[in-house]
Structures are given as structure tokens and as C-alpha cells.
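What follows is a short report on a single structure.
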Amino acid sequence: MNMHADSQQSIRAAADGDGVVLTVPQPFSYIETLHYLKRSNEEVLHRVTEDGRILKLLRVRDRPLLMEVSNDESRGELRIRSLSGGREPERLLEAAAYVWEWFGLDADLNAFYRMASGDPVLGPLVARHDGLRIIGVPDLFEALCWSIIGQQITLSFAYQLKKRFVQTYGEAVDYEGERYWTFPDPAAIARLTPDDLRPLQFSRSKSAFLVGVAREAESGALDRTSTALRSGFDAAVARLTSLHGIGPWSANYALMRCLRYPEAFPIQDAGIHQAVRKLLGLEAKPSLAELRALYAPWAGWEAFATFYLWRSLSDQ
DNA sequence: GCCCAGGCACCGA
DNA sequence: TCGGTGCATGGG
């Protein structure tokens, strides 16, 4: 896990000595963050408590750490505590850096809003969901697996598949009567054969894709910081789509949620089409020509536009 | 039964 | 390059 320069400036030890405090850049909406994190009851990679704390099991320096995130709205701060797995300052700092990355706190939302506020489709969305950031998937292997799992099936079924996958091959820690999971390590999946995944109800292709990507990741060839992924957007798309099972939608999905390219745009996404249809009051899903005209002004901000469109799907 | 879900690989022209 | 087809499963 790498510390980002901006995040380091914003993290300090809590005054009472329990955990660290993260000053969040504005705008940031904790409510919107929770709304996204709570969207599936089948989610097993984090838990949101009734009083609005977020619990998540991380792997920090090769050991599990159960992290708790809570919000201090009046101060514009998040507090990060360790519930189990060690409270050394270095481990807490890494957990805080993870949150910074996870919640997309590096993004300059105001710059996006300057573009979006006058847009007929995005304008109302950014007004309604002020402070919504792109909640990410910091781990590239997890992001690619999740994109493979989500291909061509309903989101609810995708969550069921992910739950089985995580609970079969991930690592668990029990805390106060609840079980918390980490996403499976590439090594655990790399040694499987695709047939091992079929009983979990993965299709033949999804099974093969997952094992293939795990073997690639296990070989070290899927480093987030690799030249192929940091030499510009087109090069990164080319690198990811060279993987079996990663097409344009999945590559853009991972570049949006993991590598955080603002121009990443999974335009084939059924959810985007559905959102546009609803927002424009269309009978049928928009044609490609309609979409092109619509998103031309979003150039350079497509990832943010996508996340706000997805958000609109759970509006009344 | 039919269509659609946060698509993709593969095939033939 | 482009369009058609099979794939697995669940819900409306």
C-alpha cells in the first residue's frame, strides 16, 4: 500500500490517542459514501453499522487489520481506528491511506462540478448528490475480478457470486460475533483450475477468466504502478484488454475505479444506458448517436459522469 | 417462455 | 473493422 503525498498532509494522530484522524477535502459527503457502500446486502468486503460506522478487514503489511471508519461531520474529519490486528502507528497510517484512496479523496470534485453544473443531464445530479466521490477498488486484482464477475448478469447475482468467491477463498477474522473477509489473494486463485469455480455458479468463461487473471497477477505482471498502466490512458486500456476476459467495458471499469483515470468510460454499460433513458424520459434505451452527443461535453470527466449516472439509478 | 442484466470471445465476411 | 452468435444464471 502506498502513501500518497496529499493524504500524508491530512492525517494526524487522534487527540485521545485512539487511532488517526483524516481531514477530508471538500466537498465530501459521508452520507453519499455510506449510500454506495450499503447498496447490497450481500456485500462481504465491508460492513456499515446502524450508527454509520464502516468496518473493513484490510491486509496491512501481510497481516489482517480490522479497520473502523467513523465520521465527525462538524469537523470535516474521519477517524480511523484499529479494532483488531495491531495499533502501531505505521499500520494505522496505512489504513488511513487506504481510506484516502478508497473514497477518492484526491479528486478535484470542484473542477468536475464546474463542467457538470451547466450540463442538462449531469447538472441536476451533481446538485442532488453534492460531495459524492468515486468510491474505488484500490486493489487491481480485486477490481478486475469484480468486473469479470459483473459481466452480463444482474448486479444482485454478481454480488451473490462475489460473496461465494470471497467466502470460499478469502481470509476471515471474527470480531464481536461478526465475520469479516479479505478479497482472495491472487495466489489462492492462481492454483485453481477453472472447474473448481463452476460449483459456485460461475460460467465456464468467468471461471477461466478469473483463474487466468489470478495467474497474471501472481506473476507480478499486474502491478498498479507498472509502466504499461501509467503511460497514459490508451496504453493502459491496451494492457488490460490484452487479458483474456477483459474487454473494453471491464478495462474502463478498472481504470475508473482502481487506477482512477478520469476519462475512463465503460460506455457499453447497461446501467449507464438505463440511467440516461430514465433521466431523459426515453421510451427505449438511447441510441449510440444520442449517447455520443450527450457525453461529448463530458470529455475528460467521463468516470465521474458514470458514477453520478449510476447513483441516479437508486433515486426515487 | 421471453427478455434483460454493470460483456466477452470467437467467427465469418 | 464490423456485425452476428453462444454463453450461464436469475428475476420481472
Side-chain angles (χ1 to χ4, degrees), chain A residues 35-43 45 104 121 125 132 134-137 140 142-166 168 183 193-216 234 237-261 263-279 282-289 291-292 294-295 298 302-315:
Chain A
H35 181 273
Y36 184 82
L37 294 178
K38 287 196 291 190
R39 74 187 174 145
S40 171
N41 293 327
E42 302 297 308
E43 177 61 68
L45 295 178
V121 173
L125 287 184
L132 169 66
I134 298 178
I135 308 304
V137 182
L140 180 55
E142 179 186 336
L144 290 172
C145 287
W146 182 225
S147 76
I148 288 167
I149 292 170
Q151 290 167 11
Q152 188 59 18
I153 55 175
T154 58
L155 211 43
S156 76
F157 184 48
Y159 272 107
Q160 291 178 47
L161 289 176
K162 183 174 90 165
K163 183 179 182 179
R164 291 186 199 127
F165 186 67
V166 168
T168 306
F183 195 77
T193 64
D195 282 345
D196 295 324
L197 293 175
R198 298 279 291 131
L200 307 187
Q201 285 185 287
F202 286 98
S203 69
R204 226 180 307 280
S205 18
K206 276 185 175 35
S207 305
F209 296 163
L210 289 168
V211 173
V213 167
R215 289 179 181 168
E216 192 75 9
D234 292 341
V237 171
R239 168 67 185 115
L240 292 183
T241 52
S242 74
L243 300 168
H244 208 54
I246 303 298
W249 177 86
S250 299
N252 276 271
Y253 183 92
L255 293 175
M256 167 186 167
R257 293 201 65 206
C258 180
L259 289 126
R260 293 189 174 276
Y261 281 90
E263 67 267 55
F265 196 20
I267 184 58
Q268 300 83 352
D269 185 82
I272 294 179
H273 302 166
Q274 180 73 353
V276 168
R277 188 191 66 73
K278 280 173 67 176
L279 291 168
L282 305 175
E283 293 289 330
K285 290 200 296 189
S287 67
L288 193 55
L291 283 173
R292 281 207 192 94
L294 196 65
Y295 67 65
W298 306 346
E302 293 92 336
F304 291 86
T306 297
F307 211 71
Y308 277 76
L309 287 171
W310 283 344
R311 177 63 181 83
S312 73
L313 290 169
S314 52
D315 285 337

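We name chains A, B, ... by the order of the sequence lines, and we start the count at 1 in each one. These figures come from a predicted structure and were not determined experimentally.
- Under the side-chain contact (heavy atoms from CB on, under 4.5 Å) criterion, A/Ile135 pairs with A/Thr33, A/Tyr36, A/Leu37, A/Trp102, A/Phe103, A/Arg257, A/Phe307, sequence neighbours left out.
- Distance CG (A/Leu161) to P (B/dG7): 14 Å, rounded to an integer number of Å.
- Residues passing the ring pair (Phe, Tyr, Trp, His ring centres under 6.0 Å) test with A/Phe209, sequence neighbours excluded: A/His244.
- The separation of C/dA8 from B/dC11, taken at their P atoms, amounts to 15 Å, rounded to a whole angstrom.
- OP1 or OP2 of B/dA5 sits under 4.0 Å from a side-chain N or O of A/Lys285.
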Bracket notation of DNA chain B in which parentheses pair within the strand, [ ] cross earlier pairs, and | pairs with another strand (Watson-Crick or G-U, under 3.5 Å): .||||.|||||||
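- Regarding contacts with the backbone of B/dA5, every side-chain N or O of A/Ser156 stays at 4.0 angstrom or more from both OP1 and OP2.
- In this structure, A/Ser250 reaches the sugar-phosphate backbone alone: every heavy-atom distance under 4.0 Å involves primed, P, OP1 or OP2 atoms, never a base.
- With sequence neighbours left out, the salt bridge (Lys or Arg N to Asp or Glu O under 4.0 Å) criterion links A/Arg260 to A/Glu101.
- In the 5' to 3' direction, nucleotides of DNA chain C lying under 4.0 Å from heavy atoms of chain A begin and end at C/dA8 to C/dG10.
- A/Glu216 pairs by the salt bridge (Lys or Arg N to Asp or Glu O under 4.0 Å) definition with A/Arg239, not counting sequence neighbours.
- Using a 4.5 Å cut-off on side-chain heavy atoms (C-beta onward), A/Leu161 and A/Ile153 make contact.
- Spacing between atom CD of A/Gln152 and atom P of B/dC3 amounts to 14 Å, rounded to whole angstrom units.
- In this view, A/Glu142 and A/Leu45, A/Val137, A/Asp139, A/Phe183 satisfy the side-chain contact (heavy atoms from CB on, under 4.5 Å) rule, not counting sequence neighbours.
- The closest side-chain heavy-atom distance from A/Glu43 to A/Lys38 is not below 4.5 Å.
- For A/Thr306, the side-chain contact (heavy atoms from CB on, under 4.5 Å) test picks out A/Met256, A/Phe265, A/Pro266, A/Ile272, A/Trp310, with sequence neighbours left out.
- Rounded to an integer number of Å, the gap from NZ of A/Lys206 to P of B/dG7 is 9 Å.
- Applying the ring pair (Phe, Tyr, Trp, His ring centres under 6.0 Å) test to A/Trp298 and every residue at least two apart in sequence or in another chain returns nothing.
- Atom CZ in A/Phe157 sits about 14 Å away from atom P in B/dG7, given to the nearest Å.
- Atom CD1 of A/Ile153 and atom P of B/dA5 are 13 Å apart (whole Å).
- For A/Thr241, the side-chain contact (heavy atoms from CB on, under 4.5 Å) test picks out A/Val237, A/Ala251, with sequence neighbours left out.
- The side chain to side chain donor-acceptor pair (under 3.5 Å) test applied to A/Asp196 returns A/Thr193, not counting sequence neighbours.
- Side-chain atoms of A/Lys285 do not come within 3.5 Å of backbone N or O of A/Ala270 as any donor-acceptor pair.
- In this structure, A/Asp269 places its CG atom 16 Å from P of B/dC4, rounding to the nearest Å.
- As a whole-Å value, the separation of A/Leu313 CG from B/dC4 P is 17 Å.
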Could you go over nucleotides 9-13 of chain B and give all protein N or O partners under 3.5 Å, atom names and distances?
{"residue": "B/dA9", "atom": "OP1", "partner": "A/Gly245", "partner atom": "N", "Å": "2.7"}

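- Two residues, A/Gln160 and A/Ser203, neighbour DNA chain C, and the one matched to the more 5' nucleotide by heavy-atom proximity is A/Ser203.
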